[in-house]
Amino acid sequence: MSHSLNEIEAMSKRAARGAGLAWGLAEEAAKGTRWLAGFGYPGPDLLADLLELNDRLPAIDFSPSSLNGTWRAPAGRMSPLISGAAMSDCAMRMLDGQVITIEQVSHPLLIVPFASGAALRLGVGVAVEWGGVGQSGAGQSGGGVRLTTDGKQLCVQGSRDEIMTAHAREVRCSAPAQMTSPNTPITRAHVDDTCWERLGAFAHRTYAPATEASRILGAGAGLNDND
Amino acid sequence: MTVGRVREILQDAYGWALKTDWKLPASNARAWYVSEEKLEPRLGERFEEPIADYEQPLAPGRDAAVLHQALDHWPSDTPVAEFLLRHPEHRHILRRAQIVGRAPYAEIRDNTISKDVLPIDMLRCKLAFFGAVHFDPRSDRWVRICMYGNAPYPEELQSRSADDWVYPAKEEG
């Protein structure tokens with residue numbers, strides 16, 4: 001069914017929190033999911049896949065061991081949310097010509113919204129690439145995927161299958177990047193009911209069961225509103 | 001942004017929180033949570049109800065104090081990216097601190113989980129943004145309001161001032 005991007009962001013935030021992410025990362029997950037949905041990508045499905053993959057596992061296992069050199073996660077697969085957030089936090093390095101290279105990334109499309117935040121701050125386009133010949137990501141000519149954003153629009157090169165891949169051996173983030181044939185975002189998105197239920201199951205973990213104690217202590221609005 | 005700059009912001013915007021003794025039960029007697037029953041945000045008693053595990057990130061003062069302490073032994077010139085990589089649990093409050101660093105009215109500068117907190121003023125402020133008027137508190141945790149009282153109809157938008165309809169002119173006679 002059709003959902004507003006606000007609904008998608010709210011549901012994603014609760015779901016990510018329910019899967020054990022810290023609130024700040026849950027917020028990042030939610031904004032990223034919303035951003036992808038706004039460009040017509042199934043962000044909510046990707047998020048549900050990722051949350052199920054790493055459900056309640058320690059975030060540190062899927063985080064870069066170090067921000068120097070190529071980024072690798074101790075568990076052998078990298079969270080796109082944690083590495084994406086770190087990439088955005090380190091965005092200034094890309095202006096200095098440094099390419100941020102991240103290995104063994106789960107659902108790499110979830111990194112791209114962070115490039116958008118980085119691009120807004122840097123004031124230049126940021127490119128995210130994966131797959132293709134030599135795994136460097138060379139856009140359509142070499143196979144592979146190249147997504148470029150200036151924060152407001154998104155340029156896409158590559159096949160949908162590769163864009164939606166569940167795993168990339170290597171993801172490269174760089175700036176400044178040229179914007180070619182950009183897409184502009186939309187304001188609502190379709191999320192299928194199964195996906196909404198998967199996210200809802202995670203979100204449900206954040207709701208406190210009502211207790212007699214809470215009722216006695218006056219939680220919520222009273223039932224009697226007569227004067 | 002560097003750890004040193006974050007420290008400055010914390011001392012400037014959350015100075016009151018750094019002076020608060022958060023070990024006292026009275027300082028964090030309450031917790032904000034979302035109830036399964038109505039999916040609405042609620043304020044509960046942290047030490048009397050099983051709600052702490054469900055706490056929403058709505059205690060910026062306490063979180064800022066915890067962050068300040070966590071940063072204490074970090075060199076001032078370290079980028080916050082390095083700190084957050086190891087401590088993702090502080091990402092939420094660090095973002096709030098960065099926002100209040102450039103927008104001083106962005107933060108609540110009082111204890112939202114104190115035993116003495118009365119959320120009615122925050123409720124009123126928030127609801128006012130939605131266009132609520134005629135605040136009629138029904139208890140210290142919920143308030144009855146009127147939405148769009150005296151608001152112009154679409155056909156009146158051109159002929160009436162849209163700025164001050166919440167304060168209608170006193171009727172003569």
Side-chain angles (χ1 to χ4, degrees), chain A residues 10 13-14 17-18 20-29 31 58-60 62-68 71 73 79 81-83 85-93 100 117 121 200 203-227, chain B residues 1-2 29-60 63 67 78-99 119 123 136-145:
Chain A
K13 182 162 90 173
R14 289 173 171 182
R17 174 65 181 167
L21 290 179
W23 276 114
L25 285 172
E27 288 159 356
E28 305 283 5
K31 286 186 192 308
I60 197 85
F62 312 104
S63 309
S65 305
S66 161
L67 297 180
N68 298 318
W71 295 3
S79 161
L81 304 175
I82 298 168
S83 58
M87 177 267 285
S88 178
D89 293 346
C90 298
M92 286 304 288
R93 293 181 185 190
I100 294 178
R121 227 163 322 120
H204 190 264
R205 295 178 183 170
T206 68
Y207 306 144
T211 62
E212 207 45 45
S214 65
R215 289 202 192 92
I216 291 166
L217 289 165
L223 295 174
N224 186 350
D225 192 23
N226 291 325
D227 284 319
Chain B
M1 187 177 282
T2 62
R30 302 265 179 100
W32 293 87
Y33 67 100
V34 173
S35 81
E36 185 182 28
E37 194 171 50
K38 287 195 194 166
L39 299 187
E40 65 180 4
R42 288 179 171 176
L43 184 60
E45 303 294 329
R46 181 187 309 279
F47 302 115
E48 294 170 45
E49 300 171 64
I51 51 173
D53 288 347
Y54 300 97
E55 186 170 11
Q56 295 280 311
L58 295 172
D63 294 349
L67 170 62
T78 308
V80 288
E82 296 278 357
F83 172 76
L84 287 177
L85 189 64
R86 277 152 190 85
H87 297 286
E89 69 275 18
H90 294 296
R91 192 172 188 89
H92 167 81
I93 188 61
L94 210 149
R95 189 199 328 273
R96 282 184 87 119
Q98 287 185 328
I99 292 169
L123 264 176
D136 178 12
R138 311 302 292 168
S139 81
D140 64 12
R141 295 190 193 187
W142 66 288
V143 58
R144 189 163 64 190
I145 55 155

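All of these numbers come straight from a predicted model, not from anything done at the bench. Side chains are part of it too, since the values below use all heavy atoms of this structure and drop only hydrogens, waters and symmetry mates.
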Visitor: Name the region of B/L84, side chain, backbone, both or neither, that has any atom closer than 4.5 Å to a heavy atom of chain A.
Guide: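 Looking at B/L84, just its side chain touches chain A.
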
Visitor: Looking at A/R205 and B/D53, is any side-chain nitrogen of the basic one under 4.0 Å from a carboxylate oxygen of the acidic one?
Guide: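 No, no charged N to carboxylate O under 4.0 Å.
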
Visitor: Determine the option with the most heavy-atom pairs under 4.5 angstrom with chain B, choosing from A/A85, A/A59, A/A86, A/S63.
Guide: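 It is A/A85.
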
Visitor: Are A/E28 and B/R95 ion-paired here, with the side-chain N under 4.0 Å from a carboxylate O?
Guide: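 B/R95 and A/E28: salt-bridged.
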
Visitor: Should A/T206 and B/E36 be marked as a side chain to side chain contact (heavy atoms under 4.5 Å, CB included) after you check the CA-CA gap, both sets of side-chain angles, and the distance that decides it?
Guide: CA-CA 8 Å; A/T206 68; B/E36 185 182 28; over 6 Å; no

Visitor: What distance do A/S66 atom OG and B/E82 atom CD have between them, rounded to the nearest 0.5 Å?
Guide: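 These two atoms lie 6.5 Å from each other.
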
Visitor: Which one wins on heavy-atom pair count under 4.5 Å against chain B: A/A26, A/P64, A/A22, A/A208?
Guide: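 Counting heavy-atom pairs under 4.5 Å, the top option is A/A208.
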
Visitor: Quick check on A/I60 against chain B: is it the side chain, the backbone, both or neither that has a heavy atom closer than 4.5 Å?
Guide: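 For A/I60, the contact with chain B is made by the side chain alone.
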
Visitor: Where on B/P79 is there a heavy atom nearer than 4.5 Å to chain A: the side chain, the backbone, both, or neither?
Guide: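 No part of it gets close to chain A.
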
Visitor: As an exercise, state the distance from CE of B/M1 to CE of A/M92, rounded to the nearest 0.5 Å.
Guide: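 CE of A/M92 is found 13.0 Å from CE of B/M1.
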
Visitor: Roughly how far, to the nearest 0.5 Å, is the CG atom of B/D63 from the CH2 atom of A/W23?
Guide: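 Result: 11.5 Å between the selected atoms.
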
Visitor: Please classify the contact between B/Q56 and chain A as side chain, backbone, both or neither, with a heavy-atom cut-off of under 4.5 Å.
Guide: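 Contact with chain A involves both backbone and side-chain atoms of B/Q56.
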
Visitor: Kindly give the heavy-atom pair with the smallest separation between A/Y207 and B/S35, and that separation in Å.
Guide: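 A/Y207 and B/S35 have their closest heavy atoms at CB-C, 4.2 Å.
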
Visitor: State, with a plain yes or no, whether a side-chain heavy atom of B/R91 is found less than 4.5 Å away from one of A/D89.
Guide: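 Yes - at least one pair of side-chain heavy atoms lies under 4.5 Å apart.
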
